[in-house]
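Working notes for the structure below.
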Amino acid sequence: MRLATLHLKTARYGDEYRAARFVLLRQQILRHIKRTDASAQKVEQALARLAEANTLGDQRAHQ
């Protein structure tokens, strides 16, 4: 097992730091993608409701 180093350059730019940072960034990206997808689904649902409401309004206007 490797002991943690106190040397700033190694701690900040070493393989362990880069690997840990990569994991954190990957998790952050996945969270952003999931939030974006959820938001896009809400927009799609709202547009579908709007289109349905417009269709019903047009049908009632022509009766």
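- No side-chain heavy atom of F22 sits less than 4.5 Å from a side-chain heavy atom of R18.
- With rounding to the nearest 0.5 angstrom, the CZ atom of R31 is 6.5 Å from the CD atom of Q27.
- Of the residues listed (L30, I29, V23), the one engaging R26 in a side-chain contact (heavy atoms from CB on, under 4.5 Å) is L30, and it is the only one.
- D37 CG to E44 CD: the interatomic distance, rounded to the nearest 0.5 Å, is 8.0 Å.
- Dense packing is recorded around CD of Q41, with more than 12 heavy atoms of other residues, nucleotides or ligands lying under 6.0 Å away.
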